[in-house]
Amino acid sequence: MALNPVYPVTWHGDHVRLIDQTRLPGEFTYVEIRRSEDMALAIQTMIVRGAPAIGVAAAYGMYLGALEISAVDREAFLEALDRVGDRLAATRPTAVNLFWAIQKMRSAAQTSGAAVDQIRQLLLETAQRIAADDLRTCQAIGDHGLSALPPTPERLRLLTHCNAGALATAGYGTALGVVRSAWSAGRLERVFADETRPRLQGAKLTTWECVQEEIPVTLITDNMAAHCMQRGLIDAVVVGADRIAANGDAANKIGTYSVAICAQAHHIPFFVAAPLSTIDFSLTDGSQIPIEERDPAEIFQVGSVRLCPEGVEFYNPAFDVTPADLIAGIITEHGVVAPADLEAKLRPLA
Ligand code: MRU
């Protein structure tokens, strides 16, 4: 049965329910998270993934951690909560939404003069607000993105990379939010989904989301994108981001940079769709964005089949940085902004 809408991180009275993204599309299952450490592991193992979704998950992880703290003294409680935040922050280094959400939770606790029990309640409300805001933010990104898409042809062929969909956010998605809005407005012919080696988020998750809503989707391998552009099959590219520096350089799933180069070579507009919380104004450019390196097993084997002989060395960066000059516009909940205008237009809102 089709699942629509998709909400990957939800609160259920005494636990968080995550869609297990490591099992899609073969199996649709939920994982119940009741302890902060289990949330940290779920982020690390990518049961929950995608920058805004891990922010929401970490916020609930902070609340679960707050429930586990036995201290009744406010200062001791806040110190223990800091340690919960440190553990959650150590899960994945690139997506800034993780640190943004943890900081929001810390500030909520620290600035409240209330007793420990009331701080706990405030933390739950803050996590729920982060989730609800993200959903609204994605819907706004979708609508602003729609207005930025090329006016012709009437029905567009959009290429995306990785999964920046409902699964990667509280719901609706950023890049796939733009796709959803284009589809609802009758402006979409189809989505081309890059498979996204090595973890195949495009093949497994983006196609799954499109199938849930009967959005026409064509799966290609990553090395087919340039060919599709050369053959005139792509009208625009829309991708998500994990962290955007103040100058507009944008980190996203490994392979995004090559898609951007191909798009420029074929005069195809390349958009990055992301919430304001993904912009890290403390970094002047993309070279300062920490890039996660993951287990080489992700590249030297497919399933249990090894692809190469023993004696080979591996390099498995999970993200790359697309330079600002390859980006036609950054689509946020506050509108579409040229990378060069981020500082002036969006820093005052951050
Ligand atoms: O490693 P992942 O699957 O967490 O990477 C996800 C991406 O790169 C997404 O494009 C990005 O987080 C934006 S999600 C709206």
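Residue indices begin at 1 and follow the sequence shown. Atoms within each ligand, like the ligands themselves, are counted from 1 in listed order. The structure presented is a predicted model; accordingly, all values stated were derived computationally and were not measured.
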Do me a favour and list the nearest non-hydrogen protein atom to [atom] with residue, atom name and distance?
| atom | value |
| --- | --- |
| atom 11 (C) of ligand 1 | D242 OD1, 3.1 Å |
| atom 10 (O) of ligand 1 | N252 OD1, 2.6 Å |
| atom 14 (S) of ligand 1 | A168 CB, 3.4 Å |
| atom 5 (O) of ligand 1 | K253 CE, 3.3 Å |

Would you say [X] contacts ligand 1, with heavy atoms under 4.0 Å as the rule?
| X | result |
| --- | --- |
| A318 | no |
| A241 | yes |
| L176 | no |

Should L64 and L81 be counted in the same cluster of Ile, Leu, Val, Met, Phe, Trp and Tyr side chains packed under 4.5 Å apart?
yes
Side chain or backbone of I54 under 4.0 Å from ligand 1, or both, or neither, by non-hydrogen atoms?
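For I54, no heavy atom sits under 4.0 Å from ligand 1.
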Looking just at side-chain N and O atoms, do [X] and [Y] make a donor-acceptor pair shorter than 3.5 Å?
| X | Y | result |
| --- | --- | --- |
| E298 | N316 | yes |
| N97 | S277 | yes |
| T196 | D194 | no |
| S181 | Y172 | yes |
| R306 | Q301 | no |
| R243 | T94 | no |

Looking at non-hydrogen atoms alone, which of R49, H161, R199 comes nearest to atom 3 (O) of ligand 1?
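Selected option, by shortest heavy-atom distance: R49.
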Quick one: which ligand 1 atoms are inside 4.0 Å of a heavy atom on [X]?
| X | answer |
| --- | --- |
| T174 | 15 (C) |
| Q201 | 1 (O), 2 (P), 3 (O) |
| M46 | 1 (O), 2 (P), 3 (O) |
| A51 | 12 (O), 14 (S) |
| R92 | 1 (O), 2 (P), 4 (O) |
| P52 | 14 (S), 15 (C) |

Should the pair H12 and H15 be assigned to parallel (<30°), tilted (30 to 60°) or perpendicular (>60°) ring geometry?
parallel
Can you classify the ring geometry of F300 versus F314 as parallel (below 30°), tilted (30 to 60°) or perpendicular (above 60°)?
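F300 vs F314 ring planes: tilted.
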Counting both backbone and side chain atoms, is some N or O of T169 under 3.5 Å from an N or O of ligand 1?
no
Hey, is CZ on R34 packed in by over 12 heavy atoms from elsewhere, all under 6.0 Å?
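Counting neighbours around CZ of R34, more than 12 heavy atoms of other residues, nucleotides or ligands fall under 6.0 Å, so yes.
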